[in-house]
Amino acid sequence: MVRYLSFILAFALGLSLTATAQSEEDESFENELSYGVNFNSNGGLIGGVFVRSVYPMNNRMYQFGGLEIVEIKHPKENRLYSETGDQFIAGKQNYLFVIRPHYGREFVLFRKAAESGVQVNAIAAAGPSLGLLAPYYIRYNYGGPGGEDIRTEQYDPQKHRSLENIMGNGTVFQGLSESNVNFGAHIKGGLSFEYGRYRESIAGIEVGFMLELFPKEMVIIPQAENEQLFTSVYLNLYYGRRK
């Protein structure tokens with residue numbers, strides 16, 4: 001994951017060199033609303049989603065507020081198949097979802113021309129983190145060989161000792177209402193590469209680094225090492241409109 005993000009960053013930096021030769025035409029606007037998907041080194045195929053609202057402070061400085069919702073996965077998650085063909089993650093006890101409201105600033109490093117090119121912004125943001133530890137449910141057969149007594153329960157390493165008796169996992173929504181709420185904080189910094197041919201429409205990528213801290217360990221897999229401090233590199237793909 002880190003290798004791919006590094007390649008994308010290098011590619012975007014190469015494209016941004018064209019922006020230095022373009023005229024710095026003022027692109028004034030009142031508000032910019034963008035949304036997109038997040039990929040990060042602590043997530044899966046898609047880490048989460050986000051929305052952000054940007055307001056100009058002057059010709060080169062913007063302020064923004066945003067909201068990001070992601071899932072953090074344990075690096076030792078191992079997806080297996082039961083005898084019924086259903087999937088489950090061995091040893092997983094909780095999902096970890098994080099809601100991140102944040103406030104930040106953007107500084108224009110290279111401005112694109114009005115109708116084309118690449119604009120490069122430096123970005124920094126910080127805010128609280130709301131960590132939701134939601135129970136990970138499995139379907140476990142207490143009947144043993146030849147029997148059938150299947151119950152849907154949160155995984156417990158003391159009760160569910162046999163992987164062969166796990167028939168699959170439940171749905172995310174089964175345990176979401178039982179989430180244990182944990183308050184933390186996060187800070188991130190990165191570069192945004194904005195593409196687009198028109199003033200009112202934007203699209204681009206943001207790459208950067210995030211640091212997030214919770215007051216206690218977030219237990220995802222109880223029989224493995226769990227963290228309270230999370231670091232990650234991330235990539236955001238976004239699209240938005242200006243007015």
Exercise. Verify the distance criterion only: is there a donor paired with an acceptor across the side chains of Tyr140 and Ser162 at less than 3.5 Å?
Key: no
Quiz prompt | Whether Arg60 side chain and Val108 backbone form a donor-acceptor pair below 3.5 Å | solution = yes
Practice problem: Check for a donor-acceptor pair, side chain of Asn226 on one end and backbone N or O of Ile220 on the other, with a separation under 3.5 Å. | Solution: yes
Quiz item: Measuring from Ile69:CD1 to Phe50:CZ, what's the distance to the nearest 0.5 Å?
Solution: 12.5 Å
Practice problem: Just do the side-chain contact (heavy atoms from CB on, under 4.5 Å) check on Phe97 and Val172 with the steps written out, would you? | Solution: CA-CA 11 Å; Phe97 300 105; Val172 176; 3.5 Å; yes
Exercise. Might you confirm whether atom CD of Gln87 has over 12 heavy atoms from other residues, nucleotides or ligands at distances under 6.0 Å?
Key: yes
Quiz item: So, the side chain of His186 versus the backbone of Gly127: is there a donor-acceptor pair under 3.5 Å, distance only?
Solution: yes
Practice problem: Verify, without hydrogens or angle tests, whether Ser129 (side chain) and Gly131 (backbone) share a donor-acceptor contact under 3.5 angstrom. | Solution: no
Practice problem: Any chance you could measure Tyr136, atom OH, to Ile221, atom CD1, to the nearest 0.5 Å? | Solution: 9.5 Å
Quiz item: Going from OG1 on Thr152 to CD1 on Ile138, what distance comes out if it is rounded to the nearest 0.5 angstrom?
Solution: 9.0 Å
Practice problem: Measure the CD-CG distance between Glu227 and Asn42 for me, rounded to the nearest 0.5 Å. | Solution: 9.5 Å
Self-check item: Spacing of CD1 belonging to Ile72 relative to OG belonging to Ser41, to within rounding of 0.5 Å
Solution: 10.0 Å
Quiz item: Which residue, Glu68, Glu206, Glu32, forms the salt bridge (Lys or Arg N to Asp or Glu O under 4.0 Å) with Arg52?
Solution: Glu206
Practice problem: Test Tyr35 against Val49 for side-chain contact (heavy atoms from CB on, under 4.5 Å), laying out the working first. | Solution: CA-CA 8 Å; Tyr35 49 88; Val49 295; over 6 Å; no
Quiz item: Checking Lys188 against Tyr234: charged group under 6.0 Å from the ring centre and within 45 degrees of the axis?
Solution: yes
Self-check item: Main-chain N/O of Val54 paired with Asn31 side-chain donor or acceptor, under 3.5 Å
Solution: yes
Exercise. Keeping the roles fixed (side chain from His74, backbone from Val219), state whether a donor-acceptor pair exists under 3.5 Å.
Key: no
Exercise. Under the side-chain contact (heavy atoms from CB on, under 4.5 Å) rule, what do Gln119 and Phe193 come out as? Steps first, then yes or no, please.
Key: CA-CA 6 Å; Gln119 179 167 302; Phe193 302 88; over 6 Å; no
Quiz item: Which is it for Phe39 and Ile46 under the side-chain contact (heavy atoms from CB on, under 4.5 Å) test, yes or no, and what are the steps along the way?
Solution: CA-CA 5 Å; Phe39 305 86; Ile46 296 180; 3.8 Å; yes
Quiz item: Between Glu30 (side chain) and Lys243 (backbone), is there a donor-acceptor pair under 3.5 Å?
Solution: no
Self-check item: Distance in Å, Tyr137 OH paired with Tyr95 OH, rounded so as to fall on 0.5 Å steps
Solution: 11.0 Å
Self-check item: Shortest non-hydrogen contact from Gln154 toward Pro135
Solution: CD-CB, 3.6 Å
Quiz prompt | Basic-acidic side-chain contact under 4.0 Å: Arg111, Glu106 | solution = no
Quiz item: Charged N to carboxylate O below 4.0 Å: is that the case for Glu153 and Arg139?
Solution: no
Quiz item: Under the 3.5 angstrom rule, does the side chain of Ser34 hit a backbone N or O of Gly240 as a donor-acceptor pair?
Solution: no
Self-check item: Student check: side-chain heavy atoms of Ile205 and Leu235 closer than 4.5 Å
Solution: yes
Self-check item: Whether Asp149 side chain and Asn141 backbone form a donor-acceptor pair below 3.5 Å
Solution: no
Quiz item: Would you say Asn182's side chain and Asn180's backbone share a donor-acceptor pair under 3.5 angstrom?
Solution: yes
Quiz item: Taking the six-membered ring for Trp, are Tyr62 and Phe64 ring centroids under 6.0 Å apart?
Solution: no
